[in-house]
Amino acid sequence: MPPRADAPPADTTVRRFAPAQRWAHRATALLMGVCVATAACLYVPQLAQLAGRRALVVTLHQWSGLLLPVPVLAALVSRAFRADLARLNRFGPHDRVWLRATLRRDRRPASRPAGKFNAGQKLYAAWIAGATLVMLGTGLLMWFTHLTPLVWRTAATFVHDWLALTVGIVLAGHVGMALADPEARRGLRTGSVRREWAEREHPLWRP
């Protein structure tokens, strides 16, 4: 099979993601997309009228939310995936430098040192993981109404709804930043990125 037209020569690329990372990201993105789309149909009257079949929308929302942690759990069998999780959970002095440069809107690559993941990606990963767990817990309280008292379900509904709105806004920002960086998208699509991009955006990363 001939190489894709947008694929750079092999000697100018470095391997960024193994298949486990890429498929976990794709599956998580798909399930999250279904969650967000069905949530919008449940809470926005105009979308609810377009979608119809509310019972089906509710079922899709419940099961996509319940399955959301599965891709990450399945990918834990991959050593490369576990290594990336360790990188995402480890903050160093260079991450503080990166954050200070971001707050100052200093876009010079030299002022934003980063390993395989920059500080913004680490914060996003930690936040979305915590938000997903909270959404899952509150969603279960709302789903199995007979297991908890009314005051618990009321509080769970409040947290679930407002956190869902916040998740939607954060995801929109995440997608916007991905659209602005085609090389990062290529890394998740093909597993490889240009060496020049890696050295510029992630100078502390040693593939």
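No experiment lies behind these values; they were computed from the predicted model shown.
Here OG1 of Thr145 is found 12.5 Å from CG of Leu140. Values are rounded to the nearest 0.5 Å. Tyr124 OH to Leu171 CG: the interatomic distance, rounded to the nearest 0.5 Å, is 4.5 Å. Atom-to-atom distance recorded for His202:NE2 and Gln121:CD is 5.0 Å, nearest 0.5 angstrom. A distance of 5.5 Å separates OG1 of Thr166 from CH2 of Trp127, quoted to the nearest 0.5 Å. Separation of atoms CD (Glu201) and CZ (Arg194) is listed at 13.5 Å; rounding is to 0.5 Å. Rounded to the nearest 0.5 Å, atoms CG (Leu136) and NE2 (His160) are 9.5 Å apart.
For the side chain to side chain donor-acceptor pair (under 3.5 Å) test, no residue two or more places apart in sequence or in another chain qualifies with Thr132. With sequence neighbours excluded, no residue forms a side chain to side chain donor-acceptor pair (under 3.5 Å) with Asn118.
Side-chain atoms of Arg185 come within 3.5 Å of backbone N or O of Ala178 as a donor-acceptor pair. The closest donor-acceptor contact from the side chain of Arg153 to the backbone of Leu141 lies at 3.5 Å or more, if one exists at all. Between the side chain of Thr138 and the backbone N or O of Met135, at least one donor-acceptor pair lies under 3.5 Å. Panel note: side chain Gln21, backbone Ala18; a donor-acceptor pair is recorded below 3.5 Å. Under a 3.5 Å cut-off, the side chain of Arg82 and the backbone N or O of Leu76 do form a donor-acceptor pair.
Contact detail for Ala198 and Trp205: the closest heavy-atom pair is CB-CZ3, 3.8 Å. Heavy-atom minimum distance, Ala75 versus Ala20: CB-O, 4.2 Å. The minimum heavy-atom distance linking Arg90 with Asp95 is given by the pair O-OD2, 3.8 Å. Closest heavy-atom contact between Ala24 and Phe81: CB-CE1, 4.0 Å. For Thr28 against Pro71, the heavy-atom pair with the smallest separation is OG1-CB, 3.6 Å. In this structure, Met142 and Ala156 approach most closely via the heavy-atom pair SD-O, 4.0 Å.
Within 6.0 Å of atom CH2 in Trp152, 12 or fewer heavy atoms from other residues, nucleotides or ligands are found, so the atom counts as exposed in its surroundings. Around the CH2 atom of Trp143, the shell of radius 6.0 Å holds more than 12 heavy atoms that belong to other residues, nucleotides or ligands. Within a 6.0 Å radius of CZ in Phe91, other residues, nucleotides and ligands contribute more than 12 heavy atoms. In this structure, Arg107 places its CZ atom where only 12 or fewer heavy-atom neighbours from other residues, nucleotides or ligands lie under 6.0 Å away. By the neighbour-count criterion of 12 heavy atoms within 6.0 Å, atom CZ of Arg54 is sparsely surrounded, having that number or fewer from other residues, nucleotides or ligands. Arg87 CZ: more than 12 foreign heavy atoms inside a 6.0 Å radius.
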Assess whether side chain to side chain contact (heavy atoms under 4.5 Å, CB included) is satisfied between Glu196 and Thr12, documenting all intermediate values.
CA-CA 8 Å; Glu196 179 272 333; Thr12 67; over 6 Å; no
Quick one: do Arg100 and Arg96 satisfy side chain to side chain contact (heavy atoms under 4.5 Å, CB included)? Show the steps, please.
CA-CA 6 Å; Arg100 285 196 295 269; Arg96 291 191 290 272; 3.9 Å; yes
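Geometrically, Arg16 engages Phe117 in a cation-pi contact defined by less than 6.0 Å to the ring centre and at most 45° from the axis.
Hydrophobic clustering (side-chain heavy atoms under 4.5 Å, transitive across Ile, Leu, Val, Met, Phe, Trp, Tyr) keeps Leu163 apart from Leu133. Met177 and Val170 are assigned to two separate hydrophobic clusters, defined by single-linkage of ILVMFWY side chains at heavy-atom distances under 4.5 Å. Hydrophobic clustering (side-chain heavy atoms under 4.5 Å, transitive across Ile, Leu, Val, Met, Phe, Trp, Tyr) keeps Leu99 apart from Ile128. Residues Leu31 and Val167 share a single hydrophobic cluster, defined by chaining ILVMFWY side chains whose heavy atoms lie under 4.5 Å apart. Both Trp162 and Ile169 are members of a single hydrophobic cluster when ILVMFWY side chains are connected at heavy-atom separations under 4.5 Å.
Using cut-offs of 30° and 60° on the angle between ring planes, the pair Phe144 and His146 is perpendicular.
Exactly one of Lys116, Arg22, Lys122 qualifies for a salt bridge (charged side-chain N to carboxylate O under 4.0 Å, His left out) with Asp84. That residue is Lys116.
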Side-chain donor-acceptor contacts of residues 62-70 below 3.5 Å, not counting sequence neighbours, with atom names and distances?
unit_1: Ser64; atom_1: OG; unit_2: Leu60; atom_2: O; d: 2.7
unit_1: Ser64; atom_1: OG; unit_2: His61; atom_2: O; d: 3.1

